[in-house]
Protein chains: 2
Amino acid sequence: MSKQEFVVLGQDDAEGCCPALLTAPLDEGRAETLAKVFKALGDPVRLRLLSMIASRAGGEVCVCDLTPAFDLSQPTISHHLKLLKQAGLIDSERRGTWVYYRLLPQMTDRLAAILTRPAGQPLTETAPAGAAS
Amino acid sequence: MSKQEFVVLGQDDAEGCCPALLTAPLDEGRAETLAKVFKALGDPVRLRLLSMIASRAGGEVCVCDLTPAFDLSQPTISHHLKLLKQAGLIDSERRGTWVYYRLLPQMTDRLAAILTRPAGQPLTETAPAGAAS
DNA sequence: AGCTTGAATCGACAGACATCAATGCAAACT
DNA sequence: AGTTTGCATTGATGTCTGTCGATTCAAGCT
């Protein structure tokens with residue numbers, strides 16, 4: 001049933017920091033793994049689902065609260081939730097009749113770190129030519 | 001030629017901060033816009049391209065340096081670069097015979113901010129039940 | 001002008017993906 | 001046991017997307 005993907009994302013540099021995206025060329029394997037996560041985020045329905053789950057006070061949402069928020073069939077919502085789960089972004093738990101989803105902050109934290117360039121990066125920085133200041 | 005997408009991403013909250021993803025439900029319009037950017041990142045080839053461009057000292061890479069790094073045809077690489085550009089992640093400039101690509105750090109910065117939860121967020125935090133403390 | 005090289009565009013095609021209706025499964029309730 | 005409600009799975013279908021070969025465009029040669 002395919003281990004969670006973020007375990008692989010955990011392969012850090014020698015420094016024990018974040019897998020470099022903006023500071024060193026990504027190798028093929030990590031690119032493949034990372035792409036799966038970003039692909040999971042690359043759909044408006046899944047983004048809204050993730051947002052609804054993450055922003056919920058208590059950290060949990062029942063599927064029964066998610067489904068009616070969309071003009072989509074229940075199987076479709078279930079499918080999107082499955083993809084988010086396989087990407088390691090959320091997890092689910094059944095309690096009685098209902099199933100609750102919650103955010104796995106480790107993954108979003110890791111993505112944020114990956115997209116953050118180290119301070120004082122010697123890039124050309126923002127304004128090469130005609131950017132309206 | 002479709003304006004850069006990140007302009008829309010710039011629609012901030014009243015507080016003038018980042019478009020909330022983890023703290024408030026994303027509306028349909030922003031979800032659509034954000035999804036396009038994440039979709040651009042949702043391919044291993046494009047991730048590697050972005051990584052190669054971003055990590056290059058000088059901040060620029062010639063296409064002629066990118067193409068031979070892949071087992072893909074030149075039109076395919078050109079296609080992926082186009083998608084990254086349309087997503088507002090990179091920009092290009094022609095100098096003589098060659099075309100140079102460079103990172104647009106505003107976009108990755110914004111994504112990082114979007115994926116970062118505000119400090120002290122009242123989430124259940126990582127260990128709701130049986131996680132090894 | 002003609003040629004050569006670097007890069008983008010076009011047209012085609014196979015595989016992936018979002019969506020749905022129908023069905024299956026799990027838990028609670030009568 | 002039978003029924004109902006909540007969610008997942010299956011199978012089918014139309015659309016999107018990654019890839020290529022062929023072509024075109026742009027710039028610098030000879």
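Each chain gets a letter, A, B and so on, in the order the sequences are listed, and its residues count up from 1.
With a 4.5 Å cut-off on side-chain heavy atoms, B:P105 and A:R117 count as touching. Side chains of B:H80 and B:K85 form no contact here, defined as non-hydrogen atoms less than 4.5 Å apart. Between A:I53 and A:L81 the shortest side-chain heavy-atom distance falls below 4.5 Å.
Applying the side-chain hydrogen bond (donor to acceptor under 3.5 Å, both in side chains) test to A:R48 and every residue at least two apart in sequence or in another chain returns nothing. Residues meeting the side-chain contact (heavy atoms from CB on, under 4.5 Å) test with B:D65, sequence neighbours left out: B:R56, B:V61, B:C62.
Of all nucleotides in DNA chain D having an atom under 4.0 Å from a heavy atom of chain A, the first and last in 5' to 3' order are D:dG6 to D:dT9.
The separation between A:Q86 atom CD and C:dC17 atom C1' is 13 Å, rounded to whole Å. Taking atom NZ of B:K82 as the reference point, atom C1' of C:dT9 lies 7 Å away to the nearest angstrom. For the pair B:L81 CG and C:dA8 P, the computed distance is 7 Å after rounding to whole Å. Between B:E93 atom CD and C:dA7 atom P there is a gap of 14 Å when expressed in whole angstrom units. If you take CZ of A:R48 and C1' of C:dA18, they are 15 Å apart, rounded to a whole angstrom. In this structure, NE2 of A:H80 is placed 12 Å from P of C:dC17, rounded to the nearest angstrom. In this structure, B:Y100 atom OH and C:dA8 atom C1' are separated by 17 Å, rounded to whole Å.
Each of B:S78 and A:G42 was matched to the nucleotide of DNA chain C holding its nearest heavy atom; the match closer to the 5' end belongs to B:S78.
Nucleic acid contact class of B:L83 (heavy atoms, under 4.0 Å, all strands): sugar-phosphate only. Within the nucleic acid shown, A:Y101 comes within 4.0 Å of sugar-phosphate atoms alone, with no base atom in reach, counting heavy atoms only.
For B:R94 (side chain) and B:G96 (main-chain N/O), a donor-acceptor pair under 3.5 Å exists by modelled atom type.
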Exercise for review: For nucleotides 20-30 of chain C, just jot down a letter per nucleotide in 5' to 3' order: B, S or -, based on protein non-hydrogen atoms under 4.0 Å.
Suggested key: BBB----SS--

Check your understanding: For B:R95 and B:E93, what are the C-alpha separation, side-chain angles and deciding distance, and is it a salt bridge (Lys or Arg N to Asp or Glu O under 4.0 Å)?
Key -> CA-CA 6 Å; B:R95 277 206 303 278; B:E93 181 187 351; 3.6 Å; yes

Can you list, pair by pair, the side-chain donor-acceptor contacts under 3.5 Å of residues 69-79 of chain A, counting residues two or more places apart and other chains?
| from | atom 1 | to | atom 2 | distance (Å) |
| --- | --- | --- | --- | --- |
| A:S73 | OG | A:T76 | N | 3.4 |
| A:S73 | OG | A:T76 | OG1 | 2.9 |

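Within the hydrophobic cluster formed by Ile, Leu, Val, Met, Phe, Trp and Tyr side chains joined at under 4.5 Å, directly or through other members, A:W98 is accompanied by A:Y100.
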